[in-house]
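Here the structure is laid out as structure tokens; the discussion comes afterwards.
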Amino acid sequence: MTDFNSAIEEFRANGGRVGGPFENARLLLLTTTGARSGKPHTVPLGFLHDGQGRMLVIASAAGSDRHPAWFHNLRADQSATVETGTFTFEAEAEILAGEERDEAFSRAVEADPGWAEYQRKTDRVIPVVALSPVAAKPSERPWGDDLVAIHTMFRRELALVRREIASSGPGLGAQLRINCLMVCRGLAHHHTAEDAELFTVLDERHPELEPVMRRLREEHRVVERLIEELQEAIQSDDLSRDELRAKVDHLTEEIEAHLDYEESQLVSVLNSITG
């Protein structure tokens, strides 16, 4: 990605989606404070889930013998801003060391051998940095548009997981299992929040939507069961690629139908809500 400014603009304009060689990559925008200039410095980076709510970024610099500027910035000031295309939040950076770094880098190589090629090109040990969310910035989108943005994130993540399963070997790698678990946890958290907060608001303000809300809650229970089954299956060492693919395909089918229905019924209503 040679033109960072164009990539950043495309990322922000398209909810985190970019074209070219990074079209199907997990990307974020990382903004650090320049160690020398004191000015904000934004770069697009690929990232990995770590299964603990952190996002891992790798200071590969394409195998250069020098660390990238953003890594030097984080060594001087661990505070950063992260944009995912759906959410923006303040984060605290931690440079991983020892066994933790090695395990994280091994998972990255397992998911994409290109990381190993970068390491072979340089004598430096390529750092891995964990970004932990500290405080989320409130969305400025109308409620309905915000719902669509969140749904788009889940659609994209499920599509990525399905591609990763299709391209994996007969055994299931550690990073692939983590990616599956993270999308499961994210969906479960989203539906729990909807049941407790968003749907309660709609019950109070729009009682005419009672049949819609009943159906959406019933669909939440179906998805919850599928998520629990998938999470349990992922823990098994005997789970095959084809079995995982079948379970993820089934979950995806149910989720996409649910999201489509929810958007068709609620987006215009939510966009009319103020305060």
Side-chain angles (χ1 to χ4, degrees), residues 12 14-17 26 28 49 51-55 81-91 131-161 178-234 247-248 250-275:
R12 288 173 172 162
N14 296 302
R17 296 185 299 276
R26 287 182 181 81
L28 58 78
H49 296 298
Q52 303 175 44
R54 303 182 302 179
M55 307 169 90
T81 300
V82 173
E83 300 171 57
T84 68
T86 305
F87 303 108
T88 299
F89 57 88
E90 300 303 317
L131 302 169
S132 299
V134 175
K137 292 188 176 181
S139 171
E140 297 180 356
R141 296 180 293 253
W143 286 17
D145 293 350
D146 206 40
L147 182 69
V148 172
I150 293 170
H151 286 182
T152 299
M153 174 191 68
F154 285 124
R155 291 185 177 105
R156 186 167 64 241
E157 187 65 28
L158 283 165
L160 286 170
V161 167
I178 287 174
N179 293 342
C180 290
L181 286 172
M182 290 304 296
V183 71
C184 285
R185 292 172 187 171
L187 285 165
H189 176 77
H190 173 61
H191 284 172
T192 298
E194 282 191 326
D195 287 338
E197 300 170 13
L198 180 63
F199 287 4
T200 300
V201 171
L202 291 172
D203 289 340
E204 295 173 352
R205 300 194 185 189
H206 293 276
E208 75 279 5
L209 290 175
E210 191 276 334
V212 172
M213 306 313 298
R214 183 172 64 252
R215 172 174 165 174
L216 290 174
R217 287 185 168 100
E218 290 172 354
E219 290 177 354
H220 279 190
R221 305 291 83 78
V222 172
V223 171
E224 180 182 16
R225 174 178 55 78
L226 293 176
I227 288 173
E228 289 175 352
E229 291 177 1
L230 179 55
Q231 288 178 312
E232 182 178 353
I234 290 170
K247 289 183 177 295
V248 173
H250 187 193
L251 174 62
T252 300
E253 181 180 344
E254 292 288 342
I255 285 291
E256 288 181 344
H258 169 70
L259 300 184
D260 289 345
Y261 176 72
E262 185 171 20
E263 289 173 5
S264 72
Q265 300 298 312
L266 299 187
V267 169
S268 61
V269 174
L270 290 171
N271 279 344
S272 71
I273 293 177
T274 59

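Below, all heavy atoms of this structure are taken into account, side chains as well, without hydrogens, waters or symmetry copies.
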> Looking only at heavy atoms, which two atoms of Glu262 and Leu216 are closest? And how far apart?
Replying inline: CB-CD2, 3.8 Å
> Of the non-hydrogen atoms in Cys180 and Ile234, which two are nearest, and what is the gap between them?
Replying inline: CB-CD1, 3.2 Å
>> Can you give me the closest heavy-atom contact between Ile227 and Ala188, atom names plus distance?
In response: CD1-N, 4.0 Å
>> Within the supplied structure, the quantity of interest is the number of heavy atoms (other residues, nucleotides, ligands) at a distance under 6.0 Å from Glu140 CD; does it exceed 12?
In response: no
>> Is there a side chain to side chain contact (heavy atoms under 4.5 Å, CB included) between Phe87 and Lys137? Walk through the geometry before answering.
In response: CA-CA 8 Å; Phe87 303 108; Lys137 292 188 176 181; over 6 Å; no
> Any side-chain heavy-atom pair from Val201 and Trp143 closer than 4.5 angstrom?
Replying inline: yes
> Distance from Met182 atom CE to Glu157 atom CD, nearest 0.5 Å?
Replying inline: 8.5 Å
>> With rounding to the nearest 0.5 angstrom, report the CZ to CD1 distance, Arg205 to Ile273.
In response: 5.5 Å
>> Under the rule for side-chain hydrogen bond (donor to acceptor under 3.5 Å, both in side chains), what residues qualify as partners of Arg17, not counting sequence neighbours?
In response: none
> Rounded to the nearest 0.5 Å, what separation is found between the CG atom of Leu147 and the CG atom of Leu270?
Replying inline: 6.0 Å
> Looking at residues at least two apart in the chain, or sitting in another chain, which of them share a salt bridge (charged side-chain N to carboxylate O under 4.0 Å, His left out) with Glu229?
Replying inline: Arg225
> Looking at Tyr261, is Arg215 sitting on its ring face, NZ or CZ under 6.0 Å from the six-membered ring centre and within 45 degrees of the normal?
Replying inline: yes
>> Holding to salt bridge (charged side-chain N to carboxylate O under 4.0 Å, His left out), I want the full list of residues that pass it with Glu228, two or more places apart in sequence or in another chain.
In response: none
>> Under 3.5 Å, is there a donor on one side chain and an acceptor on the other for Thr88 and Glu83?
In response: no
> Can Arg217 and Glu194 be counted as an ion pair, charged N to O under 4.0 angstrom?
Replying inline: no
>> So if I apply the ring pair (Phe, Tyr, Trp, His ring centres under 6.0 Å) rule between Phe154 and each of His191, His189, His190, which one comes out positive?
In response: His190
> Closest approach of Ser139 and Asp146, non-hydrogen atoms and distance?
Replying inline: OG-OD1, 3.0 Å
For residues 251-259, run the donor-acceptor check on the side chains, cut-off 3.5 Å, and write out each pair with its distance to 0.1 Å, sequence neighbours left out.
{"unit_1": "Thr252", "atom_1": "OG1", "unit_2": "Val248", "atom_2": "O", "d": "2.7"}
{"unit_1": "His258", "atom_1": "ND1", "unit_2": "Glu219", "atom_2": "OE1", "d": "2.5"}
{"unit_1": "His258", "atom_1": "NE2", "unit_2": "His220", "atom_2": "NE2", "d": "3.4"}

> Got a donor-acceptor contact below 3.5 angstrom from the Asn271 side chain to the Gly144 backbone?
Replying inline: yes
> Any side-chain heavy atom of Leu266 sitting closer than 4.5 Å to one from Phe199?
Replying inline: yes
> Which residues pass the ring pair (Phe, Tyr, Trp, His ring centres under 6.0 Å) test with His49, sequence neighbours left out?
Replying inline: Phe47
> Distance from Leu187 atom CG to Leu230 atom CG, nearest 0.5 Å?
Replying inline: 10.0 Å
> Given side chains that start at C-beta, do those of Gln231 and Arg185 come closer than 4.5 Å, heavy atoms only?
Replying inline: yes
> Is His151 close to Asp260 at the side-chain level, that is, under 4.5 Å between some pair of heavy atoms?
Replying inline: no
> What are the two closest non-hydrogen atoms of Thr86 and Arg141, and how far apart are they?
Replying inline: O-NH2, 2.9 Å
>> Could you report the tightest heavy-atom contact between Val269 and Leu202, atom names first, then the distance?
In response: CG1-CD2, 4.0 Å
> Got a salt bridge between Arg214 and Asp203, using NZ or NE/NH1/NH2 to carboxylate O under 4.0 Å?
Replying inline: no
>> According to side-chain hydrogen bond (donor to acceptor under 3.5 Å, both in side chains), who are the partners of Arg221, at least two apart in sequence or on a separate chain?
In response: Asp195, Glu224
>> Rounded to the nearest 0.5 Å, what separates atom NZ in Lys247 from atom CD in Glu232?
In response: 8.5 Å
